[in-house]
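Down below is the structure, laid out as structure tokens.
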Amino acid sequence: MRSFLWLTFLLLNLTQNTLCILINVTVDDNDHSILYSPAGAWNARNAASSCPACTAQPDPTKMVSGTWHDSTFYPIDEGTHDIPNINTPRFANLTFNGSAVYVFCALAESVKSPDGNSDMAFYVDGQLMGHFFRPALGNDNIYEYQFPVFSNNSLAPGEHTLVLQNGRVNGTQSLVLLDYIVYTYVLIDTPA
Ligand SMILES: *[C@@H]1O[C@H](CO)[C@@H](O)[C@H](O)[C@H]1NC(C)=O
Ligand SMILES: *[C@@H]1O[C@H](CO)[C@@H](O)[C@H](O)[C@H]1NC(C)=O
Ligand SMILES: *[C@@H]1O[C@H](CO)[C@@H](O)[C@H](O)[C@H]1NC(C)=O
Ligand SMILES: *[C@@H]1O[C@H](CO)[C@@H](O)[C@H](O)[C@H]1NC(C)=O
Ligand SMILES: *[C@@H]1O[C@H](CO)[C@@H](O)[C@H](O)[C@H]1NC(C)=O
């Protein structure tokens, strides 16, 4: 499936010497530049692949390009059924060239089937830069879409690696429905 790029242009600064243009690039969840791990911990989803094993059933038409990636972190005490990679955080990693990054997820509000609890950590270049913690609000069959779970618009322009970590060792159950990531590419033109 083709990935989609949406470009937004913003003229930041026009002086005699420097033209600096910020370009927003949307990286959809199904773009191959996003690396998901561990193997088998994420389900690539869309309307055509229903994922009967998945408890979260958001509306595909409300997801950017109709796709999302679904993972649940389970702590060790979450029942006895055989869950691969139990108590192991799930990761979505993206290397990008820019000065800002924004992560958008769908959130489930139900407490059960799915358990909509969120426990995410965000690292940029290996440094912890933010968390998104939210207990399930308790509304069955309600999802929030394109919810900004992390942003940073003050990175040094250049190459960075973003890591979304779903769950913590010995933490609580956590659901992630990743829709897309936006980063801001910095185009600097310095005429002679
Ligand atoms: C890029 O997208 C983010 C998130 O939607 C927005 O806050 C920001 O203003 C946008 N930046 C540009 C240069 O369009
Ligand atoms: C993603 O980043 C995490 C944390 O650095 C790392 O443990 C994991 O192996 C990375 N996954 C991939 C596929 O690179
Ligand atoms: C954004 O990144 C900058 C540069 O690494 C850092 O100093 C700042 O604390 C970060 N801000 C947020 C809100 O994460
Ligand atoms: C997780 O819990 C186990 C059992 O209580 C403990 O041995 C281990 O050190 C804990 N790990 C972390 C990272 O908290
Ligand atoms: C990032 O983009 C800037 C602006 O186009 C470019 O000058 C730079 O070489 C790029 N860096 C990497 C690591 O690709």
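Computed from heavy atoms alone, side chains included, the values below leave out hydrogens, waters and symmetry copies. For ligands, and for the atoms within them, numbers begin at 1 and follow the listed sequence. For this chain, numbers begin at 1 and follow the sequence in order.
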Which residue holds the protein heavy atom closest to atom 7 (O) of ligand 2, what is that atom called, and what is the gap in Å?
F91 CE1, 3.9 Å
Protein contact of atom 13 (C) of ligand 4 - nearest heavy atom, named by residue and atom, plus distance
V169 CG1, 3.8 Å
Distance-only side-chain donor-acceptor flag, [X] / [Y], under 3.5 Å:
X: S174; Y: N117; value: no
X: Q57; Y: Y143; value: no
X: N24; Y: T26; value: no

Considering both backbone and side-chain atoms of S37, is one of its nitrogen or oxygen atoms within less than 3.5 Å of a nitrogen or oxygen in ligand 2?
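For ligand 2, there is an N or O atom that lies under 3.5 Å from one belonging to S37.
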Is the shortest distance from atom 9 (O) of ligand 4 to a protein heavy atom below 4.0 Å?
no
Would you verify whether the NZ or CZ of R90 falls within 45 degrees of the ring axis of Y74 while also being under 6.0 Å from that six-membered ring's centre?
no
Could you tell me which atoms of ligand 4, counted from 1 in the order shown, lie closer than 4.0 angstrom to a heavy atom of N170?
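Those atoms are 1 (C), 2 (O), 3 (C), 8 (C), 10 (C), 11 (N), 12 (C), 14 (O).
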Grouping I, L, V, M, F, W and Y whenever their side-chain heavy atoms are under 4.5 Å apart, do I181 and L164 come out in a common cluster?
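Hydrophobic grouping puts I181 with L164.
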Describe, in one word, how the ring planes of F104 and Y102 are oriented to each other, choosing from parallel (under 30°), tilted (30 to 60°) and perpendicular (over 60°).
parallel
Find all atoms of ligand 1 within a distance of less than 4.0 Å from any non-hydrogen atom belonging to N24, and give their numbers and elements.
1 (C), 2 (O), 3 (C), 8 (C), 10 (C), 11 (N), 12 (C), 14 (O)
Judged on heavy-atom distance to atom 2 (O) of ligand 2, which of T88, N93, L35 sits nearest?
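Of the listed residues, N93 has the closest heavy atom.
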Between L164, L94, T161, V163, which one has a non-hydrogen atom sitting closest to atom 5 (O) of ligand 2?
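Minimum heavy-atom distance to atom 5 (O) of ligand 2 goes to V163.
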